Amino acid sequence: MSSFWVDALFLATAALYLGASILFILFLMGRQHASDPSAPENEVRPLAPRLMALAAVLHGVHIVVFSLALHICPVEGIHFPLSVVAMLMGLAYIAMRRRYRIDAVGAFVAPLALATLLASRFVGGGALAPSTRMKSAVLPFHVTMNLLGVALFSLASASAILYLVQERRLKQKRLHGVFQRLPPLDALDRAEHRFLLAGFPLLTLGILSGTLWAVRLDADTVADLVRAGFGYGTWILFAGVLLLRAALGWRGRRAAYGTLAGFGFAMVVLLLYLLRGNTGTVS
Amino acid sequence: MILVVGISHKTAPLEVREKFSANADVLPAVLSRLAARPELSEVMFVSTCNRVEVVARSRTPGEEAGLLAVNAAREVLREHAGDARDFDAYLYDRTGEEAVRHVFRVAASLDSMVLGEPQILGQVKEAYEAAMGAGTLRGPLGRCVHRAFTVAKRVRTETQIGAGTVSISSVAVDLARRIFGGLDQSTVLLVGAGEMAEAAAKALGKGAKSMRVVNRSVERAAELAAHFGASAAPLDALEEELVHADVVVTSTGSPHFIVTKDLVKRVMRARRGRTLFFIDIAVPRNVDPRIDGVDNVFLFNVDDLEKEVAEGQKARHGELARAETIVDEELKGFLAWVRGLKVQPLVVGLRAKTRGVLVAELERTLGGRLKHLPEADRAALLQMMESATNKLLHTPLSRLKEAAASDDDEQLAQALATAFDIVPREEEVDSAPSGASEIAEVSVGAEAERVTH
């Protein structure tokens, strides 16, 4: 496969994400409906989600084509995780947007997907195949579970951020200005909880398979231990958010902060993986 | 000449306006009385809480006829009000261009008490349909009112005149939407059963999943609850009721807080953190403002709601200039159309003459050398002749209409009439096969000109 097609797919995907980002942000700021106030308050016009869906599909094609060109499995490499997370996040958002009535979350997801796609190109120092020592059947499973989990946690976090914005506006009685089209508070809280619920079993499987893999490789360097520590921290935080909600009714603001803390830990783990990849050594 | 005679919230208090109003039962009779007046050729009667207006067109052109038509409309209105008092001081009238502008502004809600409110358009449409049904609106006035709908649509879609919330009940509904996504899955709890609770029940009860009323007097609570299909409970059951409610409206006359922070904390534990939204419309307040600090509890009191109403109104008034520009544009378009009407007799005459000559020639040929032609071929030739007439006249007629639209048609019209030896007369129009609407338009051609001046 020529690099022309790989680059063309990359550019087309980035352009579509950019277009969707602009439309979603205009919608969130209340500009989209300026010419059509009769449109439903919290529903974005179809063009934005369509662009987003097309971008996610092209993104998937780009990943497949690029991995074929490089003879590397996306979930085994170091180069792709960010890209795969962005694509999965986009697809999950499109699938759940209407069900959870969270159109405005697209204003976070689309730019995040664009930024992640661009980062996947320029961060990580190129495609690196895992070393022979790392080759294992557990690895693709571990990476896949974690990537799916991170994609869903990204959506939970985007919902949590919008929840906090909307909650603050309501508490301060500031209902005008930008952010006119934020989803209802309860819809954001519900979406955040459900994305978390869906992502948590995947994260659990990712953590378990990671532990198994690390034990098998005798991973005991400081970097390995720090990474593992943040990984377990992520799991504990998300487990705490879910448990406290079920047992004590911790929802809303507290759940949103917990979700963001857990997502922060997950990002640290991802960052540590990427930085390791950036050194050019995969161990 | 198009004219408007009416009374509105700007000129008269409610007790005067209500004497002029006409519900659906009375409307046909009022329309008949108006239509029976020889001074009026088209009429429509608009009756809302804030305005009652006769929108009409005088039967003959001219200032004098316009004045007579205005007086006729005033007389019918006075008869309809059925009161000996002189209401003339409350009535206003508009004629010609100003009347058309008024109709456009009313439909677009630019003359409403609450700027940008959407109900007026529906009410004008109802009046239009009633007049159409009664057959009192068949000419340019009908076109004018129809154009007013376009104006209203443009104003609503191209400006933010309808954005924001401008009444306390609509603010409350909007807030419930921002928190719960709507009331359809919410239980509304009214604490208090007075007039304010009743108003809240009207605003919120319709869309809610269920409604409960608690009050110190259970009988009064039951009475209000029965009226709105809700259920009632005594004030002692407030804590239990709060556990199950989503939106709480408090409006008791209590001089102390009846919803305290401790109570809300207990309730929130029992609710396992589910969101609770308080609207405190009581003065003095019923809800301790400190509850706003409790997670997942939201409180809006009268001041907060009124602030929102003021914001909404401010935003709408900011859109007024853009809306007026749209009205001006549409008015210009309508007046251009009206100007076009005055050349309509010439257009019809020109078309009839050209077609008449060509068809006569064709029929002579078909009766002679082409006698043998079958019916299908004859029909085809006739069709060809019709097309040729239309194509031949397309350019001169377009130029004539363009000139008329810019009120610069006199020379061209004169030249065409002389060149083709046509004397445009309304009688010619009546016999022209141009369709009923065109005939109706042509019959008012001369007077339509007056609207523009």
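Just so it is clear: chains get the letters A, B, ... in the order the sequence lines come, proteins before strands, and each one is counted from 1. Keep in mind that what you see is a predicted model, and the values were worked out from it rather than measured.
Between the side chains of B:Asp280 and B:Thr250, at least one donor-acceptor pair of N or O atoms lies under 3.5 Å.
Aromatic ring pairs are classed by plane angle as parallel below 30°, tilted from 30° to 60° and perpendicular above 60°; the pair B:Phe277 and B:Phe180 is tilted.
When heavy atoms are compared at a cutoff of 4.5 Å, B:Asp304 approaches chain A solely by way of its side chain, counted from C-beta outward. Both the backbone and the side chain of A:Leu170 come within contact range of chain B, each with at least one heavy atom under 4.5 Å from a heavy atom of that chain. Heavy atoms closer than 4.5 Å to chain B are found nowhere in A:Ala255, neither backbone nor side chain.
Looking at A:His59 and A:Val84, their side chains never come closer than 4.5 Å, going by heavy atoms from C-beta outward. Counting heavy atoms from C-beta on, the side chains of A:Arg194 and A:Met96 never come closer than 4.5 Å. Residues B:Arg154 and B:Val151 have side chains not in contact (no heavy-atom distance under 4.5 Å, counting atoms from C-beta outward). The side-chain heavy atoms of A:Phe195 and A:Ser154, taken from C-beta on, include no pair separated by under 4.5 Å.
Contacts with chain A (heavy atom to heavy atom, under 4.5 Å) involve these residues of residues 268-276 of chain B, listed by number: B:Arg272, B:Gly273, B:Arg274, B:Thr275.
A salt bridge links B:Arg51 to B:Asp111: one of the charged nitrogens lies within less than 4.0 Å of a carboxylate oxygen.
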